[in-house]
Each structure stands twice: as C-alpha cells, then as structure tokens.
Amino acid sequence: MSAGEADDLTLSTFRAFYGANQFKIPERMGPMATERYNAPDRERYWQHIWDKNQIFRASEDHKQPKCYVLEMFPYPSGRIHMGHVRNYAMGDVFARFKRAKGFNVLHPMGWDAFGMPAENAAMERKVHPGTWTYANIDTMRGQLKSMGLSLDWSREIATCSPNYYRHQQKLFLDLLKKGLAYRKSSKVNWDPVDHTVLANEQVIDGRGWRSGALVEQRELTQWFFKITDYAEELLSDLDTLTNWPEKVRLMQANWIGRSEGMLIRWALDKDTAPKGFSELEVYTTRPDTLFGASFLAVAADHPIARAAAENNPDLAAFCDECRRLGTSVAEIEAAEKRGFDTGIRAVHPLDKSWQLPVYVANFILMDYGTGAIFGCPSGDQRDMDFARRYELPVVPVILPPGENKDTFEIKNKAYSEDGTMINSRFLDGLTTKAAFDKAADILEQQKLANRPQGARKVNFRLRDWGISRQRYWGCPIPVIHCEKCGVVGVPEQDLPVTLPEDATFDKPGNPLERHPTWKHVKCPTCGGDATRETDTMDTFVDSSWYFVRFTAPEAKTPVDKDAAHYWLPVDQYIGGIEHAILHLLYSRFFARAMCDTGHLKFASNVREPFSALFTQGMVTHETYKSQDGFWLLPNDVRLEGEGASRQAIEIATGRLAAIGPIEKMSKSKKNLVDPDDIIAHYGADCARWFMLSDSPPERDVIWTEAGVAGASRFIQRVWRLMDDIIEAYPQKPDKRPDTFGPDALELRKAGHRALDNVGKAIEALRFNVAVANIHEFSNVLQTVLTKSEPGLAWAAHEAGALLVSMIGPMMPHLAEECWARLGYNTLLANQPWPAVEPDLLVDDQVTIAVQVNGKRRDELVVSRTAKSEEVEAAALKLDSVVRALDGRAPKKVIVVPQRIVNVVG
RNA sequence: GCGGACGUGGUGGAACCGGUAGACACACAGGACUUAAAAUCCUGAGACGGUAACGUCGUGUGGGUUCGACUCCCACCGUCCGCACCA
C-alpha cells in the first residue's frame, strides 16, 4: 500500500462508475463553479469501494507496530443519534490518521446488546427481545456504514449472541473457582419498577438510573464480584493513567475512597451489655482524638443494636425508623442527627476507669467500617451536632495552629484539621500525626481478651459489585443449585447456557423464573433434581471485556492470548463522561481478574486495559415548545429573524413557539436531529466535518442548521479548488522544478506548515484546531492559484494533494474523490501521511513586535538570524518608538530573538 | 458540606514553555456578478474617541510577581460537573 502503487480494481471501477454517472446535477451554479459535488451519491460509491477492497481489516501480522482505536460500543436502542455520530467521527479521524502514519490499526465495532429496553419492548409490542435487538442492530449497522467509518466489520460482535456470552460464562466459572465471584445474602438496592437489583453505582440520588424509581432496600441472596480485592491496585494504578482525563481519575479515586485508620475493640461493661456481647469494634481514622471521645454509636442494623432492641421496644421502634430513612439528597440534608441510648456502657481503651454510653444513631452506616464509631464532638461536625442534642461532653483535643491553649474555645463548630494535642494526657503537645502513631502503637501492643486491642487498617469505600439481575435479556449465570451438592458450576462442555426462546413477557418479574421447564435440570455432580440459577448478569459485565474479545472474536476460548498480548492495551479509547466510574472501573477490574484467572496477559506489568482515554462532550440543540406546552422537533418549527427578534413558528399551526434553552439532545425534549436526514441531505462528510469544527471535542457542541450549511459550503469549496487546480494546470509536472517564485514558495510553506499543525492537532485529538489550520491553508491556496509564476504548477498540484491528505481522516469520501480527480490511481485511504519538509517550516524573515514599556507600538521585519544588537538598533530608530519614548532615554532594552523587543524608558 | 473544571468580541473558539490577544469559523454590514434570487467572489469589523494618522481601554472582579501576564501566585464573584452522614 505504498504511495503511487496503482490499485487496478479501484481505478477500473472508478472509471466505469465515473463514466456512467457523470453528475446528475448539471446546473451551472455561477461563473466560477462547475458541477456541485454530490456528496450522498459519491459517498455510497466510495463506501462500496472500501468495502470491496476490505482495506480496513486489521492485519494479523503481529510484527508491525499496532494501534488499537476504540469507541465505546453502542447499545442497539433503535437508531443512531448525533452523540454516536460525534463519538464515531472522532474515533474514525484518529484511526484513519494512525493508519496513514503506518500503524497496523485495529478499529472494531460491536453491540452492547443485552439490557432492559429490549424486555420493555417485548412487553409493549409483543416482540421477542432478540428479534427487537437484532432488528435494531441491522438498522444501526446500516447507519454506521453510511458514515464511512474505517471499521473492521469482520470483527463485529454482539454481546447477546451465545458466541459471545458462552465465553463470558466460562470467565464467570473461572472467577468462581478463584473466589472472585461469590454469593451472599445482603441488603440490596431493589428497583420496584424494573423489578431488579441495582449496583450501588446504578443508584443515583436514591433512584434507579434507568427507571428513576425510588430504590428500596431488600435482603436477597445475590452474586457478587470481588472488586474490593483490587481496591488498592485500582487506586494506585490510576497514577499510571497519565493519558486519562484528570477528572475521571479523580472521580474513580473518590469512588474507591481509601482511608487509613484503625480498628479498635472496646470492652463492654458486663452489667449493661446484651448477652453474648463483651466488646464492640469501631473503625476510626482518628485514634489521635481518643481522649476527646464522649460516646459510641452503632448503626440500626448492627448486631448489638438488634440484641439490645430485643428487650427494649422503644429502641426497637427507633431502629425501625432509622431503617426506613431514605437515602435521597433532600432526606439526608433534612435529617437531624438522632440517636437512642442503649444503656450499654463501654470502657475507654486508654483509661479503664472511664465509661462511655453506646447509642444507636441514624447517621451510622452498617456497611462502612464496622458499622460502629466512637464520637469525638470537638473533631467531627456530625459528632458535634449529636453531642449538642444529647448534651454529651465536648472536649477540645486539637489546638489549631496559631491559637492559644488558654483562650481557645470550641463552640458548635468542630475542628477537624491538624494541630497540637491538648487535654489528651500523654499525647499533649504532640502533632496530630505523631499522636495518631503513638495511640496506634499503644493500642496494637495492648491486649484485650488476649488479642491486640487495636489494629491499623486501610478501609475502602468501594463495595463488591453485585451482578445478579432478575431479568431475562442478559447473560445467564452458569450455575445450578442442588439441594445435596449446593451451588454447582455448569460443566464447561455444557456451555453455553442459552436463554429459552419461548419465554413470556406479559407480566412483570423474571421470565426465566416462571418458565415451565428451563430451570429444571439434573445436578451435574450427583444427577439428582436441581434448579438453574435464574438470575442473569448485569450488562456491565458484558461491556467489561468486549475490547478483549475484539482482538480475536472467533477464538474458541474467551481470549486468544497472543492476539490480546499484541493488541492490548487499547491505545485510544473514546466515549462519554457518563461512564467515568461504572464501565471504566469495572473494565479495569476485569482486566486484572482475567489476568489472575490466566485468561489474559499484558505486555507491560501495568494491567490497564485503556492506556489513553478521551471523554467527548455532548451534542446539544435548542428546544422548542408549542403554545399548548408540547415539545416540538426542530423539523416542526421555522425560525425567523435574528438576535432579539428571533422567533420560532410551529409549521403545522403557524403559531408562535417558545424557544427554550440549549440542552443535550434527548427524546424527552424532542430537540433531536436525525443523522440519517443529515447524511441523506448533506452527506456523511458534512456531518463529520461539522462535528469536528469549532467546538473543542471535550466540550459540548451546539448543533445548528447554519453550522451544517457552513460545513457543506466548505465541501463545495474544496471541490471547486480541485477544479481550479486542474483547470489552471491540467497536468502535474513530472519533475519538481529547481526554483519556485515567491508565491509558489509561499504556497509550499503554507502547505507544509498546515500539514505539520494538522498532524499534531489530530494526534492530540484537537480536531477543531486541525480544521482551522485546514481552512487557513485552503484560503492561501485559493489566493495563490490566480497568480502565475515559476514552479506554481508543481506547487499547486502538491498543495492539492496535501489539502486532500489533510482532510482525508475527517472527510474521507470527499478526499477520495478529490484524490482521484487530481489524477492519482490509488486509494487515498491507503496512502501514507505526507512527509513534512522541515526546511519549509522556517522563515528567513521574521516579524517581531516592538514594545515600549510593555505596550505594543510597532513591528519589525528582520532576518531570522539577526543579532540582538542589530534588532535593538533598528527598534530604537522606529518613529513610533521615538514618539512613545517622548525624549526619554531607554533605560533597558530586552530582545527576545525572533519574538519581541521591549524598550523600557 | 467536600472535591474538581471553567470564565476571552454579537456567537463557537484560537494563542507554543510568560513574549504582537481575538487565528479559524458562524452570524452581520457594504460591494461585485445577476432581470432578480440563490450560489460565488471581494472588503470591513473588540470597545470608546477621531475624517484619518493615531490614542485610550480591553481575556469574570480586586490585588501581586515580572521589562512583559489570557497564561504564574493570592483573595473574591459567577457558571457547570462529580461525590455526599464513608467515621
């Protein structure tokens, strides 16, 4: 695929097609214009050519340098939306650019195909979820193909296919063997609308992320993945992800939530403790504040609370009330710190004669730490609020820097920062940190019931990942429950466990559970009657390893280790910020778990699946509302006027419609523009170009008709430029001339400068900057073309080729068409990125600014190699400088070569 | 409450490591071509004053460092995002 190599198939097909389809729009559009470029028509043609030549298939030659470019695969919801267009346009520019730079590029596409919407569709429209899903995939595949993406479609996967999920079941069984998958009974988030359990990550403000229903707490036996085993590594390895957005790393770090503290066992007073309880273990990050303690508190679900409540109806009622307390933002903010004295007394670990009350409190979480704390009101605002309400002692133990011990007073505001210890006996005078260590050391050596009283402990906020879903349209969990043998993994030769086709969706609940036969099986171990697990896996499991499967989608095992070793990690991953925690954290966990179960190996010792991540902004659009209060599609309104007098008119009724704020495109607000309409009307290149222009890719882009029309105009302009080149210089001179006139040279410089800038911009995913540079160059080309001088014929053809190469990754169809028009017999998509001639990047003459006292007064054109003294002398002679100095003598002159002169006077 | 990001013309945005702020584009205005419109081409434009040359001001606000600050430091204001009783 080297430059200049003729591609016979392409050439002959091209000529045949070209001859037969001489543009169908023959109208002359003005004196300068010839035929307009018919994008939709030509795009179909080039897509056909690329497809026929299979040029985007990744090479299996593992000796070449590789580049794995991946965009987050879509959920097949029905049709692609503008968010997809933006995401895939960006990924495609990068993939095509890397191909041109000589990499063996893997750029695959697939479908995140399991999930609730398919079941909802089944319920509403009485179609099987599979039928619905595959129909959507067909539609969306067609739409993606119409975008002209450089995808290797031979690797397409759908997670709902048994060919995919059979391997996922194998992975599950191996995780089970390794203890990384386990079952436990626990309180779970139950979505009463979707009738399913949700992961903590899927509960937002106390509501289900999909249904929006208030989540309830239920005690159920569920499957979990032991992501907490990797908490430390998942946190510390974030530091290696230097090509991830800082924001995402921070969000993950906060989510994992590491804290260093200690577990402390408090002895309970025998007379007051419930039967069977002699001690209470608490978790704290502040053992240094032990002498400021004034109470202990446990969660309502804590075993000791339950035990104490048995003989105390009032306490039992209080605990019930705590459990009912919601977790939504408003409820937490409104909730006061409340507690109930259990009557139990605990012995202070550093003073046996000191007893503290044990409360049940509504602000203690059972599933963090040990579900029990000691309260130090002076050092924690919650404890302070609690102490004031129940009139417990408030003893300041930390003196803030700069405060005086004798005058320092603490009112109702706790001080939780560092300082010097006070009122803390043998810790007095120490710094917070030293006091922490001293208290911790003592407690670790001190014994309570023959065991150390305290132990340093790192605690994480991260919980294990609950993956059980009581749904049909997901990957079946491959286990069998036998009364005699317990939980038995499905033998490998019986995989895949497939979903029954004849499930019913007419009522809520799990169709697998109520299926008459599916779950009744024989136990693989003892042969007795047993039942299948009817839960399916969270769909986030499917997307946690699909990028691995792409490296060898036909492999008989889940992973072809050689292929994975070659291709992974993904070199550039692109997707929405909404996956900052869920998908990206799960995938990082999976990569490690797959390594530890022997499925995967990485070339590096860092087990990160995505070495660079880019999170693109959303596509937004104005909203419109009719006078009846209904949202209107952009297609349903006509816009008139501009500025303050701009107004929208509802086409159907002719009535005025309200123009609302610019928001993310969504079905609910109806501010949608269908990519199909745009592609059919303007072409895919236009949609792509618009998406890449102007807005920096990480920020939101506002979709406007005017912007699209502008992009379309640029396409026609490039097309005319090719006409102009060919018209002015029908033949590209074979030999490069020895000399170039000033304009020809200027054109060459502009071309190579642009080439350099555009390459760097694409590499850094700064597509808007690349677009600006291309505009700038095309402006130069257009001006210079009207001149006539030595070397211009050659330079013009070079410029044409450069321009076309530069737009190639962004508008591949137009570029391919122009490439052919310029007379090349090859596919541009197979051409290498042109080499920059470094000599052309430097100018002999440079323009430097001249400042007087930091204020720009003039500019000076000097030789690039001019000496500072010469520049200084020239600057001082300038009229403007003399005037600005107003007779004063310059005190100092600063000359920054090739940049600026500043005269201080 | 905690954490983070951002703030530049009418608009989207650009500006390398502290060195000519506003590249490029959209919208706008004027002109050319046209019977006309569309399309295309040319020209103009940060604000204020001035016919102009030119001057003053100008990157959210106030200070600081520097010969020089959109860029670095401090304080504040505003907008957006994430987390949230995590001991």
Side-chain angles (χ1 to χ4, degrees), chain A residues 27-33 36 204-205 245-248 250-255 257-259 261 282-286 289 297 325 327 329 331-333 335-337 361-365 367-376 379-383 385-386 416 459-463 577 580-581 642-643 693-696 698-702 704 706-707 709-711 713-714 716-717 720 757 760 766 768-779 782 847-860 880 883-884 891-896 898-905:
Chain A
E27 45 186 311
R28 305 280 303 183
M29 301 309 287
M32 298 295 291
R36 285 173 69 80
I204 294 148
D205 290 347
E246 187 61 36
K247 183 190 169 108
V248 174
L250 244 151
M251 281 166 73
Q252 292 214 354
N254 290 337
W255 189 264
R258 182 184 196 273
S259 59
V282 306
Y283 179 73
T284 181
T285 55
R286 300 296 299 270
T289 64
L325 190 76
T327 49
V329 179
E331 281 170 295
I332 287 169
E333 270 174 7
E336 286 177 85
K337 303 282 171 282
N362 65 352
F363 63 98
I364 309 301
L365 304 172
D367 50 2
Y368 184 79
T370 61
I373 61 142
F374 80 80
C376 171
D380 184 292
Q381 194 56 46
R382 290 160 304 178
D383 298 347
D385 296 345
F386 192 81
S416 58
N459 216 14
F460 293 94
R461 206 191 81 118
L462 184 71
R463 321 277 160 76
I577 185 77
I581 295 174
E642 63 189 56
S693 311
D694 291 347
S695 283
E698 69 279 6
R699 281 193 222 171
D700 291 352
V701 62
I702 306 170
T704 61
R713 274 201 300 277
F714 181 71
Q716 298 302 336
R717 189 155 164 243
R720 282 195 309 274
N757 289 338
K760 284 174 181 159
R766 305 192 60 201
N768 56 323
V769 176
V771 166
N773 277 287
I774 290 172
H775 275 136
E776 203 169 352
F777 175 49
S778 58
N779 288 344
Q782 184 158 351
T847 307
I848 62 174
V850 181
Q851 297 181 333
V852 177
N853 292 328
K855 203 161 279 179
R856 183 184 166 281
R857 293 292 170 184
D858 212 334
E859 57 186 31
L860 207 52
S880 45
R883 223 180 315 134
K891 284 188 205 132
K892 194 169 158 192
V893 179
I894 289 144
V895 179
V896 182
Q898 295 172 54
R899 287 227 184 268
I900 207 164
V901 180
N902 192 7
V903 181
V904 186

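By convention in this document, chain letters (A, B, ...) are assigned in the order of the sequence lines, proteins followed by strands, and residues within each chain are numbered from 1.
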Inset, instruction - Figure out the CZ/P separation between A:R258 and B:A87, and round it to whole Å. - result: 12 Å

Legend entry - Distance below 4.0 Å between A:Y368 side-chain N/O and B:A87 OP1 or OP2: yes

Inset, instruction - Please list, chain by chain and in numerical order, all residues satisfying side-chain contact (heavy atoms from CB on, under 4.5 Å) with A:V769, sequence neighbours excluded. - result: A:A761, A:R766, A:N773

Legend entry - Atom-to-atom span, CG of A:N254 to P of B:G3 - whole angstrom: 10 Å

Inset, instruction - Could you please name the option among B:C67, B:A87, B:G12 that lies closest to any side-chain atom of A:V904? - result: B:C67

Inset, instruction - Identify, between A:Y283 and A:N853, the residue whose nearest nucleotide on RNA chain B lies closer to the 5' end. - result: A:N853

Inset, instruction - Not counting sequence neighbours, which residues clear salt bridge (charged side-chain N to carboxylate O under 4.0 Å, His left out) with A:K760? List them please. - result: A:D756

Legend entry - Stems where RNA chain B pairs, listed by first number, each of three or more Watson-Crick or G-U pairs under 3.5 Å: B:1-7 with B:77-83, B:10-12 with B:24-26, B:28-32 with B:40-44, B:46-49 with B:54-57, B:60-64 with B:72-76

Legend entry - Side chain of A:R463 - closest among B:A39, B:G3, B:C86: B:C86

Legend entry - Distance between C1' atoms of B:C24 and B:G9 (Å, rounded): 14 Å

Inset, instruction - Could you tell me whether the side chain of A:R286 and the main chain of A:S416 form a donor-acceptor pair under 3.5 Å? - result: yes

Legend entry - Syn-anti status, with the boundary at 90° from 0, for the nucleotide B:G63: anti

Legend entry - Partners meeting side-chain contact (heavy atoms from CB on, under 4.5 Å) with A:R699 (sequence neighbours left out): A:P696

Legend entry - Non-neighbouring partners of A:R857 that pass salt bridge (charged side-chain N to carboxylate O under 4.0 Å, His left out), sequence neighbours left out: none

Legend entry - Which residues share a salt bridge (charged side-chain N to carboxylate O under 4.0 Å, His left out) with A:E859, sequence neighbours left out: A:R856

Inset, instruction - Can you sort out the partners of A:A711 under side-chain contact (heavy atoms from CB on, under 4.5 Å), two or more places apart, ordered by chain and number? - result: A:C686, A:W689, A:F690

Inset, instruction - Compare side-chain N and O positions of A:R286 against OP1 and OP2 of B:C86 and report whether any pair is under 4.0 Å apart. - result: no

Legend entry - Any A:S693 side-chain nitrogen or oxygen under 4.0 Å from OP1 or OP2 of B:G12: no

Inset, instruction - Mind checking side-chain contact (heavy atoms from CB on, under 4.5 Å) for A:D385 and listing every partner two or more places apart, or none if nothing turns up? - result: A:K337, A:Q381

Legend entry - Contacts of type ring-ring contact (aromatic ring centres under 6.0 Å, His included), residue A:F374, not counting sequence neighbours: A:W266

Legend entry - Contacts of type salt bridge (charged side-chain N to carboxylate O under 4.0 Å, His left out), residue A:E776, not counting sequence neighbours: none

Legend entry - side-chain N/O A:R699 vs B:C6 OP1/OP2, d < 4.0 Å: no

Legend entry - Phosphate OP1/OP2 of B:C83: any A:R461 side-chain N/O under 4.0 Å: no

Legend entry - Contact under 4.0 Å: A:Q782 side-chain N or O vs B:C41 OP1/OP2: yes

Legend entry - Rounded distance in Å between the P positions of B:G64 and B:A53: 35 Å

Inset, instruction - For each nucleotide in nucleotides 19-26 of chain B, reading 5' to 3', give B when a protein heavy atom comes within less than 4.0 Å of its base, S when such contact involves only the sugar-phosphate, and - otherwise. - result: BBS-BSSS

Pairs: protein N or O with nucleotides 51-60 of chain B N or O, under 3.5 Å:
from  : atom 1 : to     : atom 2 : distance (Å)
B:G55 : OP1    : A:R857 : NH1    : 3.4
B:U56 : OP2    : A:R857 : NH1    : 3.3
B:C57 : OP2    : A:K855 : NZ     : 3.2

Legend entry - Separation of the P atoms in B:C74 and B:A5, to the nearest angstrom: 12 Å

Inset, instruction - Please measure how far the C1' atom in B:U71 lies from the corresponding atom in B:A52, and state the result in whole Å. - result: 36 Å

